[in-house]
Amino acid sequence: MTEEFLQNHALSFLFVSRPDCSVCHAVLPKLRELLDNYPQIHLGHIDASKVEEVAEKFLIFTVPIMLLMIEGKEYIREDRFVRFDQLEEKLDQIYGMYTE
């Protein structure tokens with residue numbers, strides 16, 4: 001399922017969380033709002049409790065984890081202490097290079 005999502009979307013942002021994670025519930029709306037500025041980036045939300053192999057595949061030890069993937073390769077990794085201003089700067093750079 002994750003592989004299919006990555007194959008179908010050259011620019012994708014994976015958000016990996018668990019239902020019992022309060023930080024995850026706080027971060028996801030902020031991430032969605034930020035990604036509204038980048039219409040070509042597709043957000044994929046993965047519940048790590050249902051898709052357990054995702055932790056092994058992406059070496060995830062804590063949630064939430066946010067991964068910007070370009071053509072299946074990881075370009076940005078942010079964890080629960082994400083600074084959205086810095087993330088936005090990184091996204092601006094990468095998005096500009098990739099979409100021009």
Side-chain angles (χ1 to χ4, degrees):
M1 187 172 183
T2 304
E3 287 300 320
E4 186 178 322
F5 178 80
L6 293 175
Q7 287 174 1
N8 290 334
H9 305 290
L11 279 171
S12 53
F13 208 104
L14 299 179
F15 182 81
V16 182
S17 67
R18 290 187 172 276
D20 58 349
C21 169
S22 60
V23 174
C24 299
H25 294 293
V27 169
L28 183 57
K30 292 179 184 176
L31 179 62
R32 282 192 172 125
E33 184 178 326
L34 175 63
L35 291 180
D36 283 344
N37 299 317
Y38 308 94
Q40 293 184 36
I41 298 177
H42 299 271
L43 177 62
H45 184 185
I46 301 169
D47 181 344
S49 65
K50 292 182 180 174
V51 187
E52 293 178 6
E53 64 272 9
V54 76
E56 182 179 328
K57 178 171 178 48
F58 295 108
L59 299 174
I60 295 172
F61 302 104
T62 186
V63 290
I65 289 289
M66 292 153 272
L67 304 170
L68 176 67
M69 308 293 287
I70 300 176
E71 296 177 356
K73 295 180 184 166
E74 181 180 319
Y75 276 76
I76 295 176
R77 176 182 287 248
E78 296 288 340
D79 64 14
R80 62 189 306 135
F81 303 110
V82 64
R83 296 200 41 191
F84 278 92
D85 55 338
Q86 291 177 356
L87 176 58
E88 185 172 17
E89 287 177 19
K90 293 177 191 176
L91 286 173
D92 283 343
Q93 278 187 316
I94 292 171
Y95 194 77
M97 289 187 311
Y98 191 82
T99 59
E100 289 180 355

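- From Phe58, atom CZ reaches atom CZ of Arg77 across 8.5 Å, with rounding to the nearest 0.5 Å.
- Atom NE2 of His42 and atom CE of Met69 lie 14.5 Å apart (nearest 0.5 Å).
- Annotation: the span from Ser12 atom OG to Gln40 atom CD amounts to 12.5 Å, rounded to 0.5 Å.
- Note that the CD atom of Glu78 and the CG atom of Leu67 stand 10.0 Å from one another [nearest 0.5 Å].
- In the hydrophobic clustering, where aliphatic and aromatic side chains (Ile, Leu, Val, Met, Phe, Trp, Tyr) are joined below 4.5 Å either directly or transitively, Leu43 groups with Leu11, Phe13, Phe15, Val23, Val27, Leu28, Leu31, Leu34, Leu35, Tyr38, Ile41, Met66, Leu68, Ile70, Tyr75, Ile76, Val82, Phe84, Leu87, Leu91, Ile94, Tyr95, Tyr98.
- The list of side-chain hydrogen bond (donor to acceptor under 3.5 Å, both in side chains) pairs with a residue in residues 25-35, not counting sequence neighbours, is empty.
- Not a single donor-acceptor pair under 3.5 Å links the side chain of Arg80 to the backbone N or O of Pro64.
- When every heavy atom of Asp47 is checked against every heavy atom of Arg18, the shortest pair comes out as OD1-CA, 4.1 Å.
- Here the straight-line distance linking atom CD1 of Ile46 with atom OG1 of Thr2 works out to 3.5 Å at 0.5 Å rounding.
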